Student: 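Mind having a look at this structure? Questions to follow.
If you're wondering where the values come from, they're calculated on a predicted model, not measured in any experiment. Lettering of chains follows the sequences in order, A, B, ..., and the numbering in each one begins at 1.
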Protein chains: 2
Amino acid sequence: MATGRTHRPATRSRGIPEATVARLPLYLRALTGLSERSVPTVSSEELAAAAGVNSAKLRKDFSYLGSYGTRGVGYDVEYLVYQISRELGLTQDWPVVIVGIGNLGAALANYGGFASRGFRVAALIDADPAMAGKPVAGIPVQHSDELEKIIADNGVSIGVIATPAGAAQPVCDRLVAAGVTSILNFAPTVLTVPDGVDVRKVDLSIELQILAFHEQRKAGEHAAAAADERKGPDGELPAVMPA
Amino acid sequence: MATGRTHRPATRSRGIPEATVARLPLYLRALTGLSERSVPTVSSEELAAAAGVNSAKLRKDFSYLGSYGTRGVGYDVEYLVYQISRELGLTQDWPVVIVGIGNLGAALANYGGFASRGFRVAALIDADPAMAGKPVAGIPVQHSDELEKIIADNGVSIGVIATPAGAAQPVCDRLVAAGVTSILNFAPTVLTVPDGVDVRKVDLSIELQILAFHEQRKAGEHAAAAADERKGPDGELPAVMPA
DNA sequence: GACTGTGAATAGGTTCACAGCC
DNA sequence: GGCTGTGAACCTATTCACAGTC
């Protein structure tokens, strides 16, 4: 009870679960593919397969958006594309800035998947003066001195951070101060932001580590029983605390 | 431990929840930072802050690994680093191949976060013959004809796919046939794999779309009180999106 | 007194299974 | 008959709150 409010409990109007929101882009991608092949309608079963989920989950997800299907028939592809796009806010244009134009930043600038949704790379920003003016993906890199002006001039509310870890928090602070309220962070560091600002992170090495965990388990399936319990096989390193 | 009354011994030793596994790399990163600054011990509160989670969750997570802390004191940093590394399988060397050396593949090849964990880029593979031999991040790119041989020679079990969407499934099939059992997929497509093969995906544009959803909702907060949805299912025209 | 470890309570997400409609 | 939409059952994850330990 003493714990105040950290997280606003979902808004009153539309309670779309977070897990559902995270899958909408998946459905949208699958639907876009069908649309390009001029498929008029699709069943929950087919669409679920194309999106890589199961059909019960898909139907449940769609039920949060409304009743957009037809029983006995399925879903109208074009109509669903529109509804999901609207729900995700992709019917409007989102200018984004990418800060940190190293290898990853350049890859992001070149990534086609942004433009094809409602995202437009409004500017590339880097702290290295030597980068200034150099075009990447056809867009000239601007120096980070310009950051605040760029954000303001373009009405940017989404920023992508692809800087080294050490630069991420200061960059984040400046973005937020300049008016950015959503941040996609590729730097391997935890960002602190004020309430009302959303941060999502993508950490490339974390994904690999999760794979390694499962991979290890597969490998150890033969000899699983052996080195299992806390009597760990300390091959090396500090074996403090016996527990 | 926990020889209490619980009548379900089943989930004892190897039952680490997936959500916990996904956070272990986060803790590890925070701990590594502390270790570099020679901090000897850390409380759940401090470590949780550094990792960006709350302390109850962290303690619960650690309780699945075992009792590695000391009441009244906290956790020994070095010891925890070791235990988590071992749990994640990072005390061994994981050779990985990266397939598709475009902008993103090159960024991944250059990404320092891999090497610093147990990951070693064993080879870079691309289908473009013009790329063959060109060094990227100091590693010469090899042609995809060599894929099977490379996997076998290096004992690779983890593959990273950074190809265009269309090439991803064929590449995936070849990786799996050659013995790869874990795949990190950056291509915006759903991969189909046999049982026993793990796939994790990272889709850059999906993350942005999720941000857009929340961003849109923030923007509408002023006018939120207005029409509270539930508008007629066919009130809007499915005006198809621009390509 | 400080802090971990963990049952119990709660919240969130998934799957089942079937009613309702085409 | 085929397929959606959804309450109910189930499962997973998070948070609470406090007993246990140093």
Student: Mind calculating the distance between CG (Leu47(A)) and C1' (dG5(D)) to the nearest angstrom?
Tutor: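 About 15 Å, once rounded to whole Å.
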Student: Calculate, to the nearest 0.5 Å, the distance between atoms OG and CD belonging to Ser85(A) and Gln209(B) respectively.
Tutor: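 Rounded to the nearest 0.5 Å, the OG-CD separation comes out at 8.0 Å.
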Student: Quick test of your reading: applying ring-ring contact (aromatic ring centres under 6.0 Å, His included), list the pairs with at least one residue in residues 20-54 of chain B, sequence neighbours left out, ordered by first then second residue.
Tutor: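 Passing the test, one end in residues 20-54 of chain B: Tyr27(B)-Phe62(B).
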Student: What's the CD-P distance between Glu18(B) and dA13(D), to the nearest Å?
Tutor: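 It is 8 Å, rounded to the nearest whole Å.
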Student: Holding to side-chain contact (heavy atoms from CB on, under 4.5 Å), I want the full list of residues that pass it with Thr181(A), two or more places apart in sequence or in another chain.
Tutor: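 Once residues adjacent in sequence are excluded, the partners of Thr181(A) under the side-chain contact (heavy atoms from CB on, under 4.5 Å) criterion are Ser157(A), Glu215(B), Lys218(B).
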Student: Would you kindly give the CD-to-P distance between Glu46(B) and dC3(C), to the nearest whole Å?
Tutor: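 In whole Å, dC3(C) P lies 8 Å from Glu46(B) CD.
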Student: Using five pairs at each end of the helix from dG1(C)-dC22(D) to dC22(C)-dG1(D) to define an axis, what is the angle between those two axes, to 10°?
Tutor: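 Here the local axes at opposite ends form an angle of 0°.
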Student: For the ring pair Tyr68(A) and Tyr75(A), is the centre-to-centre distance below 6.0 Å?
Tutor: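 No; Tyr75(A) has its ring centre 6.0 Å or more from that of Tyr68(A).
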Student: Between dG5(C) and Tyr75(B), is there an OP1 or OP2 to side-chain N/O distance shorter than 4.0 Å?
Tutor: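 For dG5(C), OP1/OP2 do have a side-chain N/O of Tyr75(B) under 4.0 Å.
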Student: Partners of Val190(A) by side-chain contact (heavy atoms from CB on, under 4.5 Å), sequence neighbours excluded?
Tutor: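 Expected list: Arg29(B).
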Student: Is the gap between the ring centers of Phe114(B) and Tyr111(B) under 6.0 Å?
Tutor: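 Yes.
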Student: Let me confirm one number: the CD1-CG distance from Ile183(B) to Leu211(A), rounded to the nearest 0.5 Å.
Tutor: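 These two atoms lie 9.0 Å from each other.
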Student: Atom CD of Glu78(B) and atom OG of Ser38(B): how far apart are they, to the nearest 0.5 Å?
Tutor: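 Between Glu78(B) CD and Ser38(B) OG, I get 8.0 Å after rounding to 0.5 Å.
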Student: Determine the minimum heavy-atom distance between Tyr82(A) and Thr91(A), stating which atoms define it.
Tutor: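 Of all heavy-atom pairs spanning Tyr82(A) and Thr91(A), the closest is CE1-CG2, 4.3 Å.
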Student: Looking only at the side chain of Ser63(B) (C-beta and beyond, no hydrogens), which of the listed nucleotides dG5(D), dT14(C), dG5(C) gets closest?
Tutor: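 Per side-chain heavy atoms of Ser63(B), the pick is dG5(C).
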Student: What distance do Leu191(B) atom CG and Leu175(B) atom CG have between them, rounded to the nearest 0.5 Å?
Tutor: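 Between atom CG of Leu191(B) and atom CG of Leu175(B) there are 9.5 Å.
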Student: Can you give me the N/O atom pairs linking the protein to nucleotides 19-22 of chain C at distances under 3.5 Å, or say none if there are none?
Tutor:
unit_1	atom_1	unit_2	atom_2	d
dG20(C)	N3	Arg71(A)	NH1	3.2
dC22(C)	O4'	Arg71(A)	O	3.2

Student: Rounded to the Å, how far apart are Glu45(B) CD and dA17(D) P?
Tutor: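 About 15 Å, once rounded to whole Å.
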Student: Between Asn54(A) and dT14(C), is there a side-chain N or O to OP1/OP2 distance below 4.0 Å?
Tutor: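 For Asn54(A), the contact criterion (side-chain N or O under 4.0 Å from OP1 or OP2 of dT14(C)) is not met.
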Student: How close or far is atom P of dT14(D) from atom CD1 of Ile16(B), stated in whole angstroms?
Tutor: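 Going from CD1 in Ile16(B) over to P in dT14(D) covers 14 Å.
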Student: Under 4.0 Å: is that the gap between some side-chain N or O of Ser43(B) and OP1 or OP2 of dC3(C)?
Tutor: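 No, because none of the side-chain N or O atoms of Ser43(B) sits under 4.0 Å from OP1 or OP2 of dC3(C).
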Student: Please work out which residues in residues 55-62 of chain B have a non-hydrogen atom less than 4.0 Å from an atom of DNA chain C and list them by number.
Tutor: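 DNA chain C contact set from residues 55-62 of chain B: Arg59(B), Lys60(B).
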Student: Is any side-chain heavy atom of Leu65(B) less than 4.5 Å from a side-chain heavy atom of Gln83(B)?
Tutor: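 With C-beta onward as the side chain, the pair stays apart.
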